[in-house]
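For ligands, and for the atoms within them, numbers begin at 1 and follow the listed sequence. Numbers here simply count residues along the sequence, with the first being 1. Below, all heavy atoms of this structure are taken into account, side chains as well, without hydrogens, waters or symmetry copies.
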Amino acid sequence: MEITFRWFGENNDTVSLKDIKQIPNVKGVVWALHHLPPGVVWDENEIAEEVKLIQSHGFHAEVVESVNVHESIKIGNKDRDKYIANYKQSIENLAKHGVKVICYNFMPVFDWIRTNMRKALPDGSTALFYERKKVDNVDVRTMADSVLNSTDLTMPGWEPEKIEQLEALIKDYENINEDSLRNNLAYFLQEVLPIAEQNGVKLAIHPDDPPWSVFGLPRIVKNEQDLEQIVSMSSSSSNCLTFCSGALGANQSNDIVELVKKFAERSPFLHLRNVKNFDNGDFIETSHLTSDGSVNLTGVVKHLNDIDYNGYVRPDHGRHIWNEKSRPGYGLYDRALGIMYIHGLWDASNLSKGGR
Ligand code: DNO
């Protein structure tokens, strides 16, 4: 297991590379050129500069999260080949600078969604919260308005330029169901995987968050069956998953330990976090501690240890604690605690095998 830490760049993050350096045993920084819109080629000079900066602090920069996929590719529009060609070029450019894993997602229009970024937990910290009926009740036809005017429906993974195009985008998805979305993913993979493979890059799809359909749009990376279908789309060694315990864990019927047993070998990159689920479909993010939430992180890390997992692992969203002001879910303190917890579980598993 190689511990990494997500960082949004010098002008985009409250956490510095120097801060990250003080968390024990972090080997790599997970990065992206966050200012680039989906669909463009990632420029080699810009890549080189960011990689150099990360490396100058003693980290590797082998994992990128994310190279976002243009909506035309997900919809299967006529112009998708142009964006696919750009994606291939970005893969090549990243590989030249040592990138080995590219995380991406295939969620229509929206990335991850929460309804409250700072919901109070009983201990006085705050965390990301999802109130299911608030999203279920949003009418897609009036959504552009409600997103713009709402103070509490927030899209943390939102690409702001999409707001203007929202109505048109939703319309483009009118005839897209799970099957056609899956076909469009298969088309994309068929095109990009050979390039990824030639360049020694793994493309690791991130699960949908939350793992169910939102605003009437299809989602195809939600559960065991979906993951199986994706894995079997291509036997290329570059056709991989980003295993996210929190995203998948928000669906109570996903058994995360069983899933990690099944898919760890196909997942070069793992996001570990906990989430507490409620019967009405709401969920709140908690500390990483197994007993704080619904996800058995102890079982997950034990399995990783059992198979001597050697991929990249990062702590995922943390709570906001000790008055830290940070990007929602991406503060320093609780993610650092998460890392120490993951290390602790790993070392305890070593111990139980007679190691140290
Ligand atoms: C949220 C993240 C996601 C993830 C993308 C991957 O915190 O896990 O935004 O980066 O979905 O493409």
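Aromatic ring centres of H34 and F8 lie closer together than 6.0 Å. In summary, the aromatic rings of Y130 and F283 are positioned with their centroids under 6.0 Å apart. In this structure, the ring of W112 has its center less than 6.0 angstrom from the ring center of H317.
Within the structure, side chain to side chain donor-acceptor pair (under 3.5 Å) pairs that include any residue of residues 193-202 comprise E197-S236 (at least two apart or interchain). For residues 66-92, every residue pair satisfying the ring pair (Phe, Tyr, Trp, His ring centres under 6.0 Å) rule, not counting sequence neighbours, is listed here: H70-Y83, Y87-F188.
Numbered from 1 in the order shown, with element, the atoms of ligand 1 that lie under 4.0 Å from a heavy atom of M107 read 11 (O). Listed by number with element, the atoms of ligand 1 under 4.0 Å from a non-hydrogen atom of S66 are 5 (C), 6 (C), 10 (O), 12 (O). Using a 4.0 Å cut-off to heavy atoms of H317, the atoms of ligand 1 that qualify are 1 (C), 7 (O).
Residue contacts with ligand 1, taken as heavy atom pairs separated by less than 4.0 Å, involve N105 via backbone and side-chain atoms alike. Residue Y104 touches ligand 1 through its backbone alone, judged by heavy-atom distances below 4.0 Å. Residue contacts with ligand 1 for R6 involve side-chain atoms from C-beta outward but no N, CA, C or O (heavy atoms, distance under 4.0 Å). Residue contacts with ligand 1 for C103 involve side-chain atoms from C-beta outward but no N, CA, C or O (heavy atoms, distance under 4.0 Å).
Looking at ligand 1, you won't find any N or O of D316 less than 3.5 Å from one of its N or O atoms. On a distance-only criterion, E65 and ligand 1 share at least one N/O pair closer than 3.5 Å.
Ion pairing of R273 with D209 is present here, as a side-chain N (NZ or NE/NH1/NH2) and a carboxylate O approach within less than 4.0 Å.
Judged by a 6.0 Å distance limit and a 45° cone about the ring axis, R335 is not positioned over the six-membered ring of Y330.
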